[in-house]
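Heads up, the thing below is written out as structure tokens.
Since the model is a prediction, treat every value here as computed from it, not as a measurement.
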Amino acid sequence: MAKWGQGDPRWIVEERADATNVNNWHWTERDATSWSKSKLKEVLVGLVVEGEAGRCEISDLKQVEGEASCNSRKGKLIFFYEWNLRLGWKGTVKESGEKHKGSVEIPNLSEENEVDDTEINVSKKKGEGDVLKELMRTEGATKVREALRDYLKALKTEFTLGMILPTKAAVGQELAAERKLSGNAVQAPVSPQSLDIVGVKIPTVKILMREIFNSPADELYSIFTTKELVQKFSKCPAVIEAEKGGKLQMFDGCVSGEYAELVPSQRIVLKWRCRNWPDEHYATVALDFKAMAAQTELQLECKGVPVSHEDSTRRWWKQQYFEEIRILLQQSQDNVE
């Protein structure tokens, strides 16, 4: 029998706040399928390919079949993913102005193959426009591979945050880094004994964004507080309880939270998180609506975003919220006309 304090470190239970999977020794698994579908849409849809022949764009993600998961064992992460994707593309020939459509098939994106070796097939609907098909087959395929690499990078960084649990020593280092990021002049070492109650903290950042919308403030405000309108721009079922303490759930559960403050046509404050963030970690999102004649300036402040998720959170608001809301507003204006 080992003497006290000399046991195998793999089995030593540290005094941790969460008391789970000590030293990351046990097998844990996290399903990445739903997250991956949203991420693949984010990195692929809207991809633009330009050349002498003309301009093409990935217009939609027509088919996403497959699954993805991440497993942790003995402090190591193991990834499994297998996808069959079909993308829609549209393009315009530079000289003639002719418009054409087609598809991009990716029959087997998996951990068994490198992205460079992944098969990508480009097709076009009947008619002329082969120059656009060739543009998509060459430069388009290159850009699609870059987007797939972005997805895999995010899968191995953004999605896995929190799967390898920090020990006390690591938490102390992380808190010291957080103090440095926040500009705190006091950078004394963090004592492990001081962590027993507060648990694991993570470094965070604040995101500031401003957007101008061709809409009155009350109309733009309603898009964030009316279930039917939220479902229209997000293209997913949603839970919207627009009252203080009311629940918020969007994008098939990828985003959740609650309403903390509502001032009609002026301000919304949300307790907001993405599903792939560390458990129970929320940012505070403040949306301020500034009326400007027939337009509205929307000011966003998002405090408490995990440092490793800064870029993806900024893209999420830009692409999944603002750009889709603009499309919805334009459609409403077209219907009126």
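Both Leu262 and Leu229 sit in one connected hydrophobic cluster of ILVMFWY residues. Membership requires side-chain heavy atoms under 4.5 Å apart, directly or through other members. In the hydrophobic cluster analysis, where Ile, Leu, Val, Met, Phe, Trp and Tyr join through side-chain heavy atoms closer than 4.5 angstrom, Val305 is grouped together with Val307. In terms of hydrophobic clustering, with Ile, Leu, Val, Met, Phe, Trp and Tyr side chains grouped at heavy-atom distances under 4.5 Å, Phe233 and Phe322 are assigned to a common cluster. Cluster membership for Leu287 and Val269, using ILVMFWY side-chain heavy atoms within less than 4.5 angstrom, is not shared.
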Would you please test Leu87 and Leu61 for side-chain contact (heavy atoms from CB on, under 4.5 Å) and show each step?
CA-CA 5 Å; Leu87 317 173; Leu61 194 54; 2.8 Å; yes
Walk me through whether Leu329 and Ile223 qualify under side-chain contact (heavy atoms from CB on, under 4.5 Å).
CA-CA 9 Å; Leu329 289 171; Ile223 290 178; 3.6 Å; yes
Determine, step by step, whether Trp89 and Val122 satisfy the side-chain contact (heavy atoms from CB on, under 4.5 Å) criterion, reporting the C-alpha distance in whole Å, the side-chain angles of both residues, the deciding distance to 0.1 Å, and the verdict.
CA-CA 9 Å; Trp89 65 266; Val122 177; 3.9 Å; yes
Stepwise side-chain contact (heavy atoms from CB on, under 4.5 Å) check, Met136 with Lys124
CA-CA 10 Å; Met136 287 298 298; Lys124 181 185 67 64; over 6 Å; no
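Side chains of Ser34 and Arg275: a donor-acceptor N/O pair is present below 3.5 angstrom, by distance only.
The aromatic ring centres of Tyr321 and Phe251 sit less than 6.0 Å apart. If you look at Trp317 and Trp272, their ring centroids are closer than 6.0 Å.
At a threshold of 4.0 Å, the pair Glu228-Lys232 does not count as salt-bridged, since none of the basic side-chain nitrogens sits closer than that to a carboxylate oxygen. Here Lys39 pairs with Glu42 in a salt bridge; the nearest charged N to carboxylate O distance falls below 4.0 Å. Of the charged side-chain nitrogens involved, none lies within less than 4.0 Å of a carboxylate oxygen, so that Glu65 and Arg86 do not count as a salt-bridged pair. A salt bridge links Glu134 with Arg137; the closest basic N to acidic carboxylate O contact falls under 4.0 Å.
Counting all heavy atoms, side chain and backbone alike, Arg267 lies closest to Tyr221 at O-CE1, 3.8 Å. The two atoms that bring Gly97 and Thr92 nearest to each other are O-CG2, 3.6 Å, heavy atoms only. Nearest heavy-atom pair across Thr296 and Ser215 is OG1-O, 2.5 Å. Across every non-hydrogen atom of Val48 and Glu57, the tightest pair is CG2-CG, 4.3 Å. Nearest heavy atom pair, residue Arg273 against residue Trp277, reads NH2-O, 3.2 Å. Smallest separation of non-hydrogen atoms from Glu158 and Trp35: OE1-CZ2, 4.0 Å.
By the 6.0 Å contact criterion, CD on Glu67 is open, its count of non-hydrogen atoms from other residues, nucleotides or ligands being 12 or less. Within a 6.0 Å sphere centred on CD of Glu82, heavy atoms belonging to other residues, nucleotides or ligands number 12 at most. No more than 12 heavy atoms of other residues, nucleotides or ligands shown are found within 6.0 angstrom of NZ on Lys99.
Residues Leu270 and Phe224 form no side-chain contact, since every pair of their non-hydrogen atoms from C-beta on lies 4.5 Å or further apart. Between Trp83 and Val64, the closest side-chain pair of non-hydrogen atoms falls below 4.5 Å. When side chains are defined from C-beta on, His281 counts as touching Pro306, because their heavy atoms get closer than 4.5 Å. Glu301 places a side-chain heavy atom less than 4.5 Å from the side chain of Leu208. Looking at heavy atoms from C-beta onward, Val144 lies out of side-chain contact with Val49 at the 4.5 angstrom threshold. When side chains are defined from C-beta on, Trp316 counts as touching Ser38, because their heavy atoms get closer than 4.5 Å. Proximity of Phe289 to Glu219: side-chain heavy atoms (C-beta onward) are nowhere separated by under 4.5 Å. No side-chain heavy atom of Leu328 sits under 4.5 Å from any side-chain heavy atom of Glu324.
The NZ atom of Lys125 sits 14.5 Å away from the NZ atom of Lys133 when rounded to the nearest 0.5 Å. If you take CZ on Arg145 and OG1 on Thr118, they are separated by 6.5 Å, rounding to the nearest 0.5 Å. Lys143 NZ to Leu44 CG: the interatomic distance, rounded to the nearest 0.5 Å, is 12.5 Å. The line from CD of Gln320 to OG1 of Thr313 is 12.0 Å long, rounded to the nearest 0.5 Å. The NZ atom of Lys290 lies 5.0 Å from the CG atom of Asp288; values are rounded to the nearest 0.5 Å. Note that the CD atom of Gln330 and the CG atom of Asn214 stand 8.0 Å from one another [nearest 0.5 Å].
In this structure a side-chain-to-backbone donor-acceptor pair under 3.5 Å is missing from Ser256 to Gly253. Between the side chain of Arg315 and the main chain of Val43, no donor-acceptor pair closer than 3.5 Å is present. Of the possible polar contacts, none joining the Thr284 side chain to the Lys303 backbone as a donor-acceptor pair under 3.5 Å is found. Of the possible polar contacts, none joining the His100 side chain to the Asp130 backbone as a donor-acceptor pair under 3.5 Å is found.
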Would you mind writing out the side-chain donor-acceptor pairs for residues 106-114 within the sub-3.5 Å range, not counting sequence neighbours?
{"residue": "Ser110", "atom": "OG", "partner": "Glu112", "partner atom": "N", "Å": "3.3"}
{"residue": "Glu111", "atom": "OE1", "partner": "Tyr81", "partner atom": "N", "Å": "2.9"}

